[in-house]
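Letters A, B, ... are given to chains in the order of the sequence lines, protein chains preceding strands, and every chain is numbered from 1.
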Amino acid sequence: MIAKAENTSLERVQVLQRKLYLAAKTNPTRKFGVLYDKVCQIDVLWMAYKQVRANKGAPGIDQQTFEVIEKKVGVASFLTEIQTELMEKRYTPLPVKRVYIPKADGTQRPLGIPVIADRVVQAAVKIVIEPLFEATFKDCSYGFRPRKNAQQALREIYKWLNFKCHWVVDADLKSYFDTIPHDKLLLSVRTRVIDRSVVKLIEMWLKAGAMEEMKIRKETTGTPQGGVISPLLANLYLHWLDSTWEKKAFGKRPHDAHIVRYADDFVILCSKRPEFYLEQAKKVLDRLGLTLNAKKTRIVNAMKEPFDFLGHRFAVQPSKVTGELKTFYYPAPKAMKSVKQKIRDVVRKGQHWDLPTLVKEKVNPILRGWGNYFKTGNSRKHFLSIANYTTWTLCIMLRKKHKKRGKGWRDHPPSWFYDYHGLFKLYSLSVTGDEGSRYARPVPS
DNA sequence: CTGAAATGCTC
RNA sequence: UAUGAGCAUUUCAG
């Protein structure tokens with residue numbers, strides 16, 4: 001009974017989203033004035049709640065957890081309370097909770113965690129407005145978008161490098177999420193959404209501020225990293241870059257300068273005048289109130305120097321066999337380092353477990369997940385290296401555990417881990433990088 | 001084939 | 001220790 005109700009609610013929301021997408025697609029300049037009622041629909045709020053709950057995320061500053069909502073308050077009354085607040089225009093968001101998480105480069109990233117109720121309303125708004133913006137977004141944008149992934153962006157770069165666009169502008173925006181100006185961002189929202197109440201909701205989230213040491217800190221720039229709509233807003237704001245690029249036809253014949261963007265990370269690939277196209281991008285970003293990180297933004301000639309994007313390293317080199325130029329991409333050194341660190345950590349933590357469990361439940365999922373992300377491109381050598389690193393690390397661990405010196409490798413050859421303990425075979429995922437065999441099936445195990 | 005749950009990986 | 005997207009594996013229900 002409940003399952004049936006959930007299903008129809010899902011269907012109704014999907015139908016609504018489809019309608020909105022088609023309406024926006026058939027009329028590219030249409031601005032939508034009646035959306036708030038859709039945000040308030042109980043189906044939409046229910047789907048929004050399900051999406052938020054599925055992450056099992058931490059509570060915000062009000063300490064309200066999913067357990068409290070489901071066991072004490074009840075989901076239905078929690079949602080109808082939100083619904084009446086919205087309809088009576090009484091809803092105001094609470095400030096976000098400030099949490100810092102370490103980034104890969106050692107610096108810290110500030111998160112802003114909204115309370116669960118605010119996350120639900122944000123998810124509801126996202127359900128309603130995302131289809132409208134999806135209809136406008138350009139093909140060169142790959143980050144945070146439904147049915148788009150990193151592999152497609154990598155493939156696009158590969159394509160342009162093979163089409164002799166060897167000049168690469170590798171751009172890095174200075175703390176993008178925190179520097180988006182609220183006023184201009186809201187203008188971007190209004191290109192499609194002119195329902196005042198919906199725009200007001202978004203404005204309130206931007207202005208809600210962050211709770212830091214018992215004080216509310218308010219900003220005029222930035223969208224909280226941790227909010228449900230933040231990725232959509234971030235994408236929407238940089239859409240100006242994509243659309244300007246298209247309007248000036250920089251991606252077309254005389255220019256031949258192609259943007260590939262993944263959220264705030266983007267490269268421009270061109271065959272000539274990279275300085276000019278960097279300057280053009282800078283002009284757009286200036287108008288948006290954004291700045292490029294001068295130290296990290298650079299122009300490279302891909303034939304002479306590799307560059308990294310989305311965890312991969314790209315290099316254009318003459319083929320050892322035929323001598324013609326070919327593009328290669330494979331896990332970047334950083335990615336190699338971080339997966340080794342992860343293997344090392346789980347093996348150290350699980351050294352008192354029995355080997356099959358450690359391999360099956362801890363090591364294999366890491367190898368499988370990592371391998372599936374990097375299996376495109378030319379990763380065979382790097383997969384082999386990680387596979388060897390894994391057997392070696394396990395071997396060292398076993399030798400220490402059994403207090404044996406020497407001969408560990410002879411007792412535990414790589415095949416021993418694979419054949420008797422079911423260690424995941426990384427190289428079963430990799431395909432060779434040759435033109436002819438790119439579409440070959442993975443090597444059978 | 002479509003949902004739900006769990007785990008893992010990338011950005 | 002949040003958010004979005006994508007991918008993979010397992011389990012369950014139709």
Side-chain angles (χ1 to χ4, degrees), chain A residues 1-11 13-14 47-48 50-61 96-104 108-116 118-120 122-123 125-127 130 133-134 137 141-155 176-177 205 210 223-236 260-266 308-312 331-332 334-336 338-339 341-343 345-346 360-377 379 386 422 424 426 428-429 442:
Chain A
M1 210 50 124
I2 290 164
K4 196 180 171 190
E6 283 183 29
N7 273 341
T8 56
S9 158
L10 172 66
E11 278 164 19
V13 170
Q14 283 174 345
M47 288 309 297
K50 281 218 300 185
Q51 284 170 18
V52 171
R53 186 195 52 182
N55 303 327
K56 301 172 305 177
I61 56 166
V96 296
K97 182 176 162 193
R98 183 61 86 218
V99 170
Y100 292 91
I101 56 166
K103 282 203 286 187
Q108 289 195 316
R109 158 184 285 132
L111 295 184
I113 304 170
V115 301
I116 290 175
D118 293 338
R119 296 214 288 268
V120 170
Q122 287 189 16
V125 169
K126 179 175 167 285
I127 286 171
E130 188 175 51
F133 293 118
E134 270 302 310
F137 287 167
S141 164
Y142 293 90
F144 307 140
R145 293 189 57 191
R147 290 174 294 280
K148 297 264 187 186
N149 63 33
Q151 274 73 22
Q152 294 165 332
L154 296 166
R155 215 60 213 162
Y176 173 58
F177 273 82
W205 291 322
T223 167
Q225 298 191 58
V228 178
I229 43 151
S230 292
L232 175 62
L233 294 179
N235 237 346
L236 167 65
V260 177
R261 187 166 75 77
Y262 195 99
D264 60 332
D265 231 344
F266 70 92
D308 295 349
F309 194 67
L310 301 180
H312 293 254
K334 258 197 214 164
M336 296 293 284
S338 81
V339 75
Q341 174 79 47
K342 273 186 184 129
I343 298 288
D345 286 351
V346 294
K360 224 174 87 187
E361 302 200 353
K362 293 290 164 188
V363 179
N364 279 359
I366 294 173
L367 290 177
R368 191 163 18 233
W370 188 84
N372 267 313
Y373 182 71
F374 287 104
K375 71 183 174 192
T376 52
S379 304
I386 295 301
F424 180 70
L426 247 192
S428 71
L429 293 172

The ring-ring contact (aromatic ring centres under 6.0 Å, His included) partners of Trp205(A) (sequence neighbours excluded) come to none

Could I get the full list of ring-ring contact (aromatic ring centres under 6.0 Å, His included) partners for Tyr373(A), not counting sequence neighbours? His312(A)

Ignoring the backbone of Lys97(A), work out which of dT10(B), U1(C), G6(C) is nearest its side chain. U1(C)

Every protein N/O within reach of nucleotides 12-14 of chain C N/O, cut-off under 3.5 Å:
none

For nucleotides 5-8 of chain B, print each protein N/O atom paired with a nucleotide N/O atom at under 3.5 Å, atom names and distance only.
| residue | atom | partner | partner atom | Å |
| --- | --- | --- | --- | --- |
| dA6(B) | OP1 | Lys56(A) | NZ | 3.4 |
| dT7(B) | OP2 | Lys56(A) | NZ | 3.4 |

Sequence neighbours excluded, which residues qualify as side chain to side chain donor-acceptor pair (under 3.5 Å) partners of Asn372(A)? Lys375(A)

Consider the side chain of Phe374(A), meaning its heavy atoms from C-beta on, and name the nucleotide among U1(C), U3(C), dT10(B) that approaches it most closely. dT10(B)

Paired and unpaired positions of RNA chain C as dot-bracket, Watson-Crick or G-U wobble under 3.5 Å, | denoting a partner strand: ...|||||||||||

Under 4.0 Å from OP1 or OP2 of G4(C): is there any side-chain N or O of Lys148(A) that close? no

Taking the side chain of Asn149(A) as its heavy atoms from C-beta onward, which of dG3(B), C7(C), A2(C) lies nearest to it? C7(C)

Given U10(C), is OP1 or OP2 found less than 4.0 Å from the side-chain N or O atoms of Asn364(A)? no

Starting the side chain at C-beta, find the nucleotide from dT10(B), U3(C), U1(C) nearest to Tyr373(A). dT10(B)

When you get a sec, tell me which of G4(C), dC9(B), dG3(B) is the closest nucleotide to the side chain of Leu10(A)? dG3(B)

